[in-house]
Amino acid sequence: MDLHATPFRSFLKIAELGSFTRAANSMGISQPALSASIRELERRLGFDLFARTSRRVELTREGQGFLANARRIVQETEWLHQKAHEIRTNELRLAVQHHTVFFPARTRLTDGFIASRPEGSVEVLALGHVRLLDALRKDEVDLAVVIESSSLDSVAANHDDDLERLVVSRRQMRLCIPSEHALAQCESILARDINKLPVAILSRLLGVALAEHVARAIEELGASTVRPPEADAYSILRFATLARIAAIDLGWFSPSCIGELSGMVSRVIEGFGVSTQLSILRRRRTQRPAAADFWDYAAQFQDGDIVTQ
């Protein structure tokens with residue numbers, strides 16, 4: 001069985017170079033052997049791929065129409081061999097949300113695991129929340145590392161009964177405000193202080209359940225919500241810094257530690273129990289060894305290096 005799509009690669013190489021001889025030299029095979037393989041491919045397809053003359057080789061109309069299909073077949077074999085390599089080497093594929101690159105808790109978790117197994121192969125894919133869950137369910141990744149609402153309502157909203165989750169850590173949602181604002185002088189903010197206060201909120205791209213839960217909670221306090229043009233957890237704080245307004249702070253990093261966010265302070269909202277959690281998601285089934293190892297590694301952070309707030 002030819003798992004390398006050799007006849008299709010040969011066809012594409014001849015089409016690219018316009019010569020059987022040059023294609024054969026490029027592929028390291030004899031010109032007669034290459035010609036024979038193309039004749040057999042044409043016989044099986046039922047039409048000629050090339051119009052041959054003594055001076056040059058050109059694609060027939062049928063050959064031109066077949067190019068895109070041949071490219072797809074070759075690409076599929078590349079993916080097939082990549083997947084086979086992952087299975088043989090027990091490569092681990094982790095999906096993470098783009099914006100969590102700024103969250104020390106998440107990067108400490110993934111970086112720590114990678115450092116703990118230098119002989120292992122780990123690929124970290126940054127995806128949007130919806131694409132991340134889709135990749136997990138389609139077995140394109142082994143595990144997903146996500147920031148999600150701690151509310152039980154979010155679990156139901158995601159319709160993810162087929163997924164198992166490990167909660168690594170939780171953070172209380174806070175309010176980030178300009179240092180010159182009167183509320184910045186308070187150690188904590190009262191709920192009544194937020195009434196009519198403009199507050200930048202998250203985008204639904206971070207997950208509908210999380211974005212709606214946070215927006216609903218802040219609106220119930222009477223805040224005037226503002227939707228920035230770029231609204232992940234980090235970008236809303238950049239927007240608020242430029243606009244000098246308040247913004248939702250999920251609590252996963254300190255604005256004071258990032259130069260772009262200078263002049264902003266983070267404050268607790270008294271009596272405001274909204275929080276988010278860092279979770280590991282996997283399908284409910286037997287896991288490959290590398291995925292099981294990461295799950296066990298993440299479990300030790302629950303009361304360890306990643307401190308629950």
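Applying the 4.5 Å side-chain rule to ILVMFWY residues, one finds that Leu17 remains a lone member of its cluster. Residues near Leu242 contribute nothing to a hydrophobic cluster around it, because no ILVMFWY side-chain heavy atom sits closer than 4.5 Å to its side chain. Here Ile29 sits in one hydrophobic cluster together with Phe8, Phe11, Leu12, Ile14, Phe20, Met27, Leu34, Ile38, Leu41, Leu45, Phe47, Leu49, Phe50, Val57, Leu59, Phe66, Leu67, Ile73, Val74; the rule is ILVMFWY side chains under 4.5 Å apart, joined directly or through other members.
Side-chain contact between Ser179 and Arg244 is present, with heavy atoms from C-beta onward closer than 4.5 Å. Counting heavy atoms from C-beta on, the side chains of Arg131 and Glu140 come closer than 4.5 Å. Looking only at side-chain heavy atoms (C-beta outward), Ile177 and Val265 come within less than 4.5 Å of each other. Using a 4.5 Å heavy-atom threshold, the side chains of Arg117 and Leu92 count as separate. Residues Leu278 and Trp252 form a side-chain contact, since some pair of their non-hydrogen atoms from C-beta on lies under 4.5 Å apart. A 4.5 Å side-chain heavy-atom check between Arg288 and Asp142 finds at least one atom pair inside the cut-off. Under the 4.5 Å side-chain criterion, counting only non-hydrogen atoms from C-beta, His81 is in contact with His4. By the 4.5 Å heavy-atom criterion applied to side chains, Arg44 and Arg39 are not counted as neighbours.
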Residues Arg43, Glu40; criterion salt bridge (charged side-chain N to carboxylate O under 4.0 Å, His left out); working and verdict: CA-CA 5 Å; Arg43 186 187 71 79; Glu40 176 61 17; 2.7 Å; yes
Steps toward side-chain contact (heavy atoms from CB on, under 4.5 Å) verdict (Gln97, Arg106): CA-CA 10 Å; Gln97 295 157 310; Arg106 196 283 286 171; over 6 Å; no
Verdict with reasoning, Leu127 to Asp134, per side-chain contact (heavy atoms from CB on, under 4.5 Å): CA-CA 10 Å; Leu127 305 172; Asp134 185 58; over 6 Å; no
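Side-chain atoms of Ser266 and Asp249 form a donor-acceptor pair, as typed in the model, at a separation below 3.5 Å.
No donor-acceptor distance shorter than 3.5 angstrom exists from the side chain of Ser149 to the backbone of Leu210, with no hydrogens or angles considered. Between the Arg93 side chain and the Leu125 main chain, no donor and acceptor come within less than 3.5 Å of each other. Distance alone, capped at 3.5 Å, is enough to place a donor-acceptor pair between the His181 side chain and the Leu183 backbone. Put simply, the side chain of Arg284 gets close to the backbone of Leu163: a donor and an acceptor are under 3.5 Å apart. Proximity of a side-chain donor or acceptor of Gln287 to a complementary backbone N or O of Asp293 within less than 3.5 Å is not detected. The main-chain N or O of Leu237 is found under 3.5 Å from a side-chain atom of Thr241 such that the two form a donor-acceptor pair. A donor-acceptor contact shorter than 3.5 Å is absent between the side chain of Arg204 and the backbone of Glu212.
Hydrophobic clustering places Leu109 together with Val124 (ILVMFWY residues linked when any side-chain heavy atoms are closer than 4.5 Å, directly or through intermediates). Under the 4.5 Å side-chain heavy-atom criterion for Ile, Leu, Val, Met, Phe, Trp and Tyr, Ile245 and Leu250 are members of distinct hydrophobic clusters. One hydrophobic cluster, built from ILVMFWY side chains closer than 4.5 Å, holds both Val168 and Phe253.
Every side chain to side chain donor-acceptor pair (under 3.5 Å) that Ser275 has, sequence neighbours left out, goes to Ser150. Listed by chain and residue number, nothing satisfies the side chain to side chain donor-acceptor pair (under 3.5 Å) test with Gln64 (two or more places apart in sequence, or in another chain). Checked against side chain to side chain donor-acceptor pair (under 3.5 Å), Glu16 has the following partners two or more places apart in sequence or in another chain: Lys13. Every residue meeting the salt bridge (charged side-chain N to carboxylate O under 4.0 Å, His left out) condition with Asp139, not counting sequence neighbours, appears here in chain and number order: Arg283, Arg285. For Arg282, the side chain to side chain donor-acceptor pair (under 3.5 Å) partners two or more places apart in sequence, or in a different chain, are Glu164. Residues passing the ring pair (Phe, Tyr, Trp, His ring centres under 6.0 Å) test with Phe113 are Phe294, Tyr297, sequence neighbours excluded.
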Show which side-chain atoms of residues 223-231 pair as donor or acceptor with protein atoms under 3.5 Å away, not counting sequence neighbours.
residue	atom	partner	partner atom	Å
Thr225	OG1	Glu219	OE2	3.4
Glu230	OE1	Arg238	NH2	3.2
Glu230	OE2	Ser235	OG	3.4

Under 3.5 Å, side-chain donor or acceptor atoms of residues 185-193 against the rest of the protein: list the pairs with distances, not counting sequence neighbours.
residue	atom	partner	partner atom	Å
Ser188	OG	Glu270	OE2	2.6
Asp193	OD2	Leu190	N	3.1

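A pairwise comparison of heavy atoms in Ala246 and Leu197 identifies CB-CD2, 4.0 Å as the closest pair.
Residues in residues 28-38 take part in these side-chain hydrogen bond (donor to acceptor under 3.5 Å, both in side chains) pairs, two or more places apart or across chains: Gln31-Ser35.
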